[in-house]
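Order of the sequence lines fixes the chain letters, A, B, ..., with proteins taken first and strands second; residue numbering starts at 1 for each chain.
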There are 4 protein chains.
Amino acid sequence: MATDGRTRRNGAGRRDLTEIAINCFARHGYQGTSIDRIAREAGVTKGAIYHHFRSKEDLLAAAVRDRIGEFETRVQNACRDAAPDESLRRIAEVCAEHARSEDRPRFAIKLMVESIETNAPVLEEMRGMMRRFRAFLRNIVRAGQDSGLLRSDADADAVAAAYTSAVIGAETQFYLDPKRFSLEHTLETFVSQMLDNLRPAGAAQTLQGRSDP
Amino acid sequence: MATDGRTRRNGAGRRDLTEIAINCFARHGYQGTSIDRIAREAGVTKGAIYHHFRSKEDLLAAAVRDRIGEFETRVQNACRDAAPDESLRRIAEVCAEHARSEDRPRFAIKLMVESIETNAPVLEEMRGMMRRFRAFLRNIVRAGQDSGLLRSDADADAVAAAYTSAVIGAETQFYLDPKRFSLEHTLETFVSQMLDNLRPAGAAQTLQGRSDP
Amino acid sequence: MATDGRTRRNGAGRRDLTEIAINCFARHGYQGTSIDRIAREAGVTKGAIYHHFRSKEDLLAAAVRDRIGEFETRVQNACRDAAPDESLRRIAEVCAEHARSEDRPRFAIKLMVESIETNAPVLEEMRGMMRRFRAFLRNIVRAGQDSGLLRSDADADAVAAAYTSAVIGAETQFYLDPKRFSLEHTLETFVSQMLDNLRPAGAAQTLQGRSDP
Amino acid sequence: MATDGRTRRNGAGRRDLTEIAINCFARHGYQGTSIDRIAREAGVTKGAIYHHFRSKEDLLAAAVRDRIGEFETRVQNACRDAAPDESLRRIAEVCAEHARSEDRPRFAIKLMVESIETNAPVLEEMRGMMRRFRAFLRNIVRAGQDSGLLRSDADADAVAAAYTSAVIGAETQFYLDPKRFSLEHTLETFVSQMLDNLRPAGAAQTLQGRSDP
DNA sequence: TATGAATGAGCGTTCATTCAT
DNA sequence: TATGAATGAACGCTCATTCAT
């Protein structure tokens, strides 16, 4: 009985292991996480992990892939049936929620940065995620431009790159200094600034950017 | 009596060691850098390092403090005798240059992110640097507002936070994907967008975002 | 399925390790014994030891506890069904045998002395052993006094303390100078002297102290 | 000015170094004492120590020799112009005082035991001290026997060995458990017991051995 | 499918010792 | 006579990985 994916107590399946692993990796980094710790937290022995994964790197790669897919699905869903400018607002919200969530956060920032110059396969995976994220944003901007909603003389690639930068940088600062860094407010400020700037010449200018005086 | 800075045997003084150490730490992270590696790269034995520093953490702290001071000096110098808007452009340039330089780059991003949840003292140091950076930017924005150069209804704190985010995020993406991420262009796009948005109501709008195909 | 106690590969179970460890500790002291040496002597690698024990201190504690228990059992058994004066003779014999045995000797003296001012938990363990040993002796003396076999105006506590002193001091001298220090003869001399002195007023005095030239 | 042996602050002479060294060795043992620690406590650098002593072992040997000489002088002085039985009482007192003193204590016990099976030269030194101590005691006993003060059928060697045992064992227990082990009382009990036993046949028996009921 | 004993390489750190000054 | 930089060997410990069961 009770075979709903995660069985009780013992015997965590392949899937459960990636769940637990990515949490450890996200918290303590790849090098800071021992197979032993993952095993302990999963309630299994090291051997069990090596039964499912060929190596620590393999486990990390599998876990990262899982998370990336999940994150991308979430972003795409947030944009379903939304106008381009609305999509750009929603994506920022999803990213902020992700950063604040209990279990998922930090993994992209921590493992992405840690893999620079140290772990080519994961780096490639992360690079792909970032490229797809920027392409996704760029397509939204282009769609907005095609429909006349956004200024057509803006460089959609650069806008997407700046947007991605703001998200990554805001998340990083938030993890670094959660008490003093206002994640949502920063992202809202950025997005409003950007949308304001992308408004076609004739459109009226919104008043934004002043708050908690 | 051999006083060319690095005295005796084949030595590498305290200072040289922090230089070499921070390069290693920035490249491979704190956990990914062994004392042996630093020693090898400095041409000394592990013992020599422990003669100058009490522990690996001590070495890291000394190296990080050095680098932070250097970076902050550099940013401040770039703003000497510059108008607020010009300062905001120059800071982005300095950050881009820093990210592209041979020896100094990556240290902030890598160690900042790695220290989250794992190394409280370094975290504190980095937090301090980020807070000072944001405060520095905010003061520039406020100076611009006071002089009428920038819109006075903008939230200077949020603008500074967004600016910092853009810088960190752009640097991160650049390290991750130097071939495909256009660091300078992204930062220019961001800064122009921001300055455009901060222009007082009456001022003319510049053309920005010239797409490079 | 190979269940001869020490299973698999070339192993040495937890128990064997404490046996080997205490021998090393007793010979070279705690600080003078490296984990590597224990491993080598046990025919395993360091890692195997750390699989069974959390630390060198943990291994020491386990080994010391084992030995203390063994020693106390041995002393108690020697006194089964013996009159108080006979018990006091037998305990000295057991201690002398213990000091001469191949594997067990020295551990108490070496580790007890080494732990003074340097290793609180082991000190505590040893202190406990000594207190129990003195209490055991005192109870024997009291039993002798209650039965009229020994002078009742003697201070049982002080007698027990002096007895323990003689045993420890004789053992120490024996280890220091086995060729020139006559362990059994010294202890016999002491015990006879003591029993002579504890003889009730009316009883005849034995001739003791026959000098062996 | 001020060259009274130990100069102010810096520049501890050879003699001062052995003083400081033996204190360290007595407290933390030989292996537990680093040259660095001695240097720090003496207010000099390691190099200065190596200027005076060829090695750590050499320093230990010198320090031990100093202390042994001092101790033996002290014991001999205590016996000047005293009858044999009185001498035997006084020696126990000197040993107890020595064990309680601030600076000198523990060195014999700790270093003697630690050197067993690990440090042949020091072991030899300690062996010599013990042999001389026993010989000194034996001669006192013999003198007592020759003068008719003590029973002449007692084995003077064995008596001396038992006496030495009691002293060493009492000291050890005292260091191990100063709160619960009564050093002076134990030694007094032992000596009284022994002297009582050594009294010639005709002499009256003293009442000893009952105290703090 | 999972366990647990074991390995072997490596890491941070300590320390006696050397030596140019 | 003394310093302080440096060495090199060891040590306690960790950890990814292997493998018999």
Side-chain angles (χ1 to χ4, degrees), chain A residues 10-14 31-39 44-59, chain B residues 1-3 6-14 17 31-39 42-59, chain C residues 1-3 6-14 17 31-39 42-59, chain D residues 10-14 31-39 44-59:
Chain A
N10 231 340
R14 216 191 120 95
Q31 307 222 53
T33 303
S34 69
I35 292 282
D36 243 336
R37 195 206 290 256
I38 296 170
V44 299
T45 57
K46 273 189 293 194
I49 290 180
Y50 276 89
H51 185 74
H52 290 291
F53 304 92
R54 295 225 312 276
S55 69
K56 194 185 171 190
E57 279 211 304
D58 190 27
L59 171 54
Chain B
M1 50 289 273
T3 36
R6 71 219 27 181
T7 14
R8 264 172 293 260
R9 293 225 225 223
N10 58 16
R14 227 193 106 97
L17 286 176
Q31 305 215 63
T33 302
S34 70
I35 292 282
D36 247 335
R37 193 206 294 258
I38 295 171
V44 297
T45 59
K46 273 190 292 192
I49 291 179
Y50 278 90
H51 179 67
H52 292 288
F53 302 92
R54 290 223 304 274
S55 67
K56 192 184 171 188
E57 279 215 302
D58 190 29
L59 172 53
Chain C
M1 49 288 274
T3 36
R6 70 213 32 171
T7 15
R8 264 171 293 259
R9 294 227 223 220
N10 58 15
R14 227 193 108 97
L17 286 176
Q31 305 215 61
T33 303
S34 69
I35 292 284
D36 247 335
R37 193 204 293 258
I38 297 170
V44 297
T45 58
K46 273 189 293 190
I49 291 180
Y50 280 91
H51 180 67
H52 291 288
F53 303 92
R54 290 223 304 274
S55 67
K56 193 184 171 188
E57 280 215 300
D58 189 29
L59 172 54
Chain D
N10 231 342
R14 216 191 119 95
Q31 308 222 53
T33 303
S34 68
I35 293 282
D36 242 336
R37 194 204 292 255
I38 295 169
V44 299
T45 57
K46 275 188 295 194
I49 291 180
Y50 276 90
H51 184 75
H52 291 291
F53 304 93
R54 294 224 313 276
S55 68
K56 193 185 171 188
E57 280 211 304
D58 190 29
L59 170 55

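With values rounded to the nearest 0.5 angstrom, A/D36 atom CG is found 8.5 Å from A/I49 atom CD1. How far NZ of A/K56 is from NZ of A/K46: 12.0 Å, rounded to the nearest 0.5 Å. For the atom pair CD1 (A/I38) and CG (A/L59), the distance works out to 5.0 Å, reported to the nearest 0.5 Å.
Within 3.5 Å, no donor on the side chain of C/K46 pairs with an acceptor on the base of E/dT7, nor the reverse.
Atom CD of C/Q31 is separated from atom P of F/dA10 by 18 Å (rounded to the nearest Å). At whole-Å resolution of the value, CG in B/D36 and C1' in F/dA9 are 13 Å apart. In this structure, CZ of B/R37 is placed 11 Å from P of E/dG12, rounded to the nearest angstrom.
Picking from E/dC11, F/dA16, E/dA16 the nucleotide with the shortest atom distance to the side chain of D/I35 gives E/dA16. Listed nucleotides: F/dG12, E/dT3, F/dG8. Nearest to the side chain of C/S34: F/dG12.
Residues of residues 48-59 of chain B having a heavy atom closer than 4.0 Å to DNA chain F, listed by number: B/A48, B/H51, B/H52.
Every residue two or more places apart in sequence or in another chain that forms a side chain to side chain contact (heavy atoms under 4.5 Å, CB included) with D/R14 is listed here: D/H52, D/F53, D/A62.
The bend of the helix from E/dA2-F/dT21 to E/dT21-F/dA2, defined by the angle between the axes of its first five and last five pairs, stands at 20° to the nearest 10°.
Take the nearest nucleotide of DNA chain F for A/G32 and for B/L17: the residue whose nucleotide is more 5' is B/L17. Both C/T45 and D/T33 sit near DNA chain E, but only C/T45 has its closest nucleotide nearer the 5' end.
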